[in-house]
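The first residue of the sequence shown is numbered 1, and numbering continues consecutively from there.
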Amino acid sequence: MSQSEVIAKTKTIQGLKEPPMFKIIYLNDSQTTMEFVVETLVDFFNYTAQTAVKITDDIHSQGAAVVAVLPYEIAEQKGIEVTLCARSNNFPLQIKLEPESI
């Protein structure tokens, strides 16, 4: 075999599963403005303004609402980003993650 020949070996990995999905839940409070919540939904989750307003109304009326369902690592990162943004704007907005029910 010459030096320029390359032998590629592949190994099939079996048993890979989809990553577990987690719900990102916004909790209502009396200090975070609805405008700020709408802004975070548009900026961090790419919702349209109209959809963000609907979700914000759900959070306000129901006390909490699921804003997205994502793989754990992404959900955690989004939660951290939104929380840091809220704190830097002096809002106590709470975000929680819950495993999605199968």
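Residue-environment remark: CD (Q50) stays at or below the threshold of 12 foreign heavy atoms within 6.0 Å. More than 12 heavy atoms of other residues, nucleotides or ligands sit less than 6.0 Å from atom NZ of K23.
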Practice task
Run the numbers on I24 and F45 for side chain to side chain contact (heavy atoms under 4.5 Å, CB included), then give the verdict.
Solution key: CA-CA 11 Å; I24 302 171; F45 297 97; 3.6 Å; yes
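In this structure, Y72 contributes its side chain and L97 its backbone to no donor-acceptor pair below 3.5 Å. Of the possible polar contacts, none joining the R87 side chain to the V82 backbone as a donor-acceptor pair under 3.5 Å is found. Not one N or O on the side chain of N89 forms a donor-acceptor pair closer than 3.5 Å with the backbone of F91.
Between A86 and F36 the shortest heavy-atom distance is CA-CZ, 3.5 Å. What you find for V38 and A49 is that their closest heavy atoms are CG1-O, 4.5 Å. Between D43 and N46 the shortest heavy-atom distance is O-OD1, 4.2 Å. When all heavy atoms of L27 and I59 are compared, the closest pair comes out as C-CG2, 4.2 Å.
Rounding to the nearest 0.5 angstrom, the gap separating the CG atom in N28 from the OG1 atom in T56 is 10.0 Å. Atoms CD1 and NE2, from I55 and H60 in turn, are 16.0 Å apart once rounded to the nearest 0.5 Å. The NZ atom of K96 lies 13.0 Å from the CZ atom of F22; values are rounded to the nearest 0.5 Å. For the atom pair CG of L70 and NZ of K78, the computed distance is 7.5 Å after rounding to the nearest 0.5 Å.
Residues F44 and V42 do not share a hydrophobic cluster, defined by chaining ILVMFWY side chains whose heavy atoms lie under 4.5 Å apart. Hydrophobic cluster membership is shared by L41 and I74, with clusters built from Ile, Leu, Val, Met, Phe, Trp and Tyr side chains linked at under 4.5 angstrom. Both M21 and V66 are assigned to one and the same hydrophobic cluster, defined by single-linkage of ILVMFWY side chains at heavy-atom distances under 4.5 Å.
In this structure, a donor-acceptor pair under 3.5 Å is present between the side chains of Y26 and T40. With 3.5 Å as the limit, one finds a donor-acceptor pair spanning the side chains of Q77 and E81.
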